[in-house]
Amino acid sequence: MGSVEVLIVDDQAPFRAVARRLVALVAGWRVAGEAESGEAAVAEAARIRPHVIVMDINLPGISGVEATRRILAGQPGVTVVLVSTYAAEDLPPDAATCGAAGYIRKEDLTPARLRAHLAAISPPMPWTPAPGGVDEEQR
């Protein structure tokens, strides 16, 4: 089986760096691309056709919610997980209807939490801690 291709979308370089490290902890996963805006996310998703997208909600240009809608309209098999600093009860109302697999607060983003959102999709995404990586139960 090939690797799980991940697209990271966030306008802040420090968060993209953290997300890259998180993806590196998961055996068989790799960062296939990054984007800094909603429009760039739509273009990159069309270009690289990732399996998973970690999508910030607040982006320059179109929001992550709108980018998710556009991406899923053309690639319904993509799994999008929204991320932001919002508490779940403070999310924009349209976040629940954009087709994303779920939401994780940025400070709570770990391999285990990402895996929990992806476990519900069918067929499930492969997930194994990288050798010497962080035990998911510790996260």
Side-chain angles (χ1 to χ4, degrees):
M1 174 173 217
S3 65
V4 174
E5 305 288 319
V6 180
L7 174 62
I8 298 169
V9 183
D10 197 284
D11 58 329
Q12 298 178 15
F15 179 78
R16 290 194 313 273
V18 168
R20 279 193 306 273
R21 287 192 294 274
L22 177 123
V23 170
L25 292 173
V26 185
W29 287 27
R30 77 174 196 88
V31 175
E34 296 182 19
E36 297 179 15
S37 70
E39 290 85 355
V42 173
E44 275 299 285
R47 185 180 73 77
I48 65 174
R49 306 200 59 83
H51 300 103
V52 175
I53 301 174
V54 177
M55 175 81 72
D56 187 21
I57 290 176
N58 288 321
L59 294 168
I62 63 171
S63 71
V65 171
E66 179 59 27
T68 296
R69 272 198 189 88
R70 292 181 188 187
I71 291 166
L72 293 176
Q75 298 177 60
V78 174
T79 299
V80 179
V81 176
L82 296 174
V83 296
S84 189
T85 57
Y86 293 126
E89 60 272 9
D90 295 329
L91 289 175
D94 55 348
T97 61
C98 69
Y103 171 73
I104 304 172
R105 285 183 67 160
K106 286 182 178 182
E107 53 269 17
D108 297 330
L109 186 63
T110 64
R113 290 194 191 249
L114 187 57
R115 181 180 149 236
H117 284 282
L118 300 180
I121 65 173
S122 181
M125 289 284 162
W127 190 94
T128 313
V134 177
D135 181 337
E136 70 174 288
E137 299 305 319
Q138 296 175 359
R139 292 304 199 136

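Residues Tyr86 and Ile57 are in side-chain contact: their nearest non-hydrogen atoms beyond the backbone lie under 4.5 Å apart. Between Ser84 and Asn58 the shortest side-chain heavy-atom distance falls below 4.5 Å. Looking at Gln75 and Pro50, their side chains come closer than 4.5 Å, going by heavy atoms from C-beta outward. Counting only heavy atoms from C-beta outward, the side chains of Pro111 and Leu25 approach each other to under 4.5 Å. Side-chain contact between Val80 and Cys98 is absent, with no heavy atoms from C-beta onward closer than 4.5 Å. In this structure, the side chains of Val52 and Val78 stay at 4.5 Å or more apart for every pair of heavy atoms.
To the nearest 0.5 angstrom, Glu66 atom CD is 10.0 Å from Ile71 atom CD1. Atom OG1 in Thr97 sits 5.5 Å away from atom CG in Asp94 (nearest 0.5 Å). Between atom CG of residue Leu82 and atom CZ of residue Arg105 there is a gap of 14.5 Å, rounded to the nearest 0.5 Å. Taken from CD1 in Ile8 to CZ in Arg20, the straight-line distance is 6.5 Å, to the nearest 0.5 Å.
Minimum heavy-atom separation, Glu44 to Ala35: CG-CB, 4.4 Å. When all heavy atoms of Gly99 and Leu72 are compared, the pair lying nearest together is O-CD1, 3.3 Å. When all heavy atoms of Lys106 and Thr85 are compared, the closest pair comes out as CD-CG2, 4.2 Å. Between Val42 and Arg70, the shortest heavy-atom distance links the atoms CG2-CB, 4.0 Å. Closest approach of Leu7 and Glu34 over heavy atoms only: CD1-N, 3.6 Å. Minimum interatomic distance between Thr79 and Ala101 (heavy atoms only, all atoms of both residues): CG2-CB, 3.7 Å.
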Apply side-chain contact (heavy atoms from CB on, under 4.5 Å) to residues Val6 and Val23 and explain how you reach the verdict.
CA-CA 8 Å; Val6 180; Val23 170; 4.0 Å; yes

Worked check of side-chain contact (heavy atoms from CB on, under 4.5 Å) between Leu91 and Tyr103
CA-CA 9 Å; Leu91 289 175; Tyr103 171 73; 3.5 Å; yes

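Classification of Asp11 and Arg16 as a salt-bridged pair fails, no side-chain N sitting under 4.0 Å from a carboxylate O. A salt bridge links Arg30 with Glu5: at least one charged nitrogen is closer than 4.0 Å to a carboxylate oxygen.
There is no path of hydrophobic side-chain contacts, each under 4.5 Å, that joins Val18 to Leu22. Under the 4.5 Å side-chain heavy-atom criterion for Ile, Leu, Val, Met, Phe, Trp and Tyr, Leu109 and Val81 are members of the same hydrophobic cluster.
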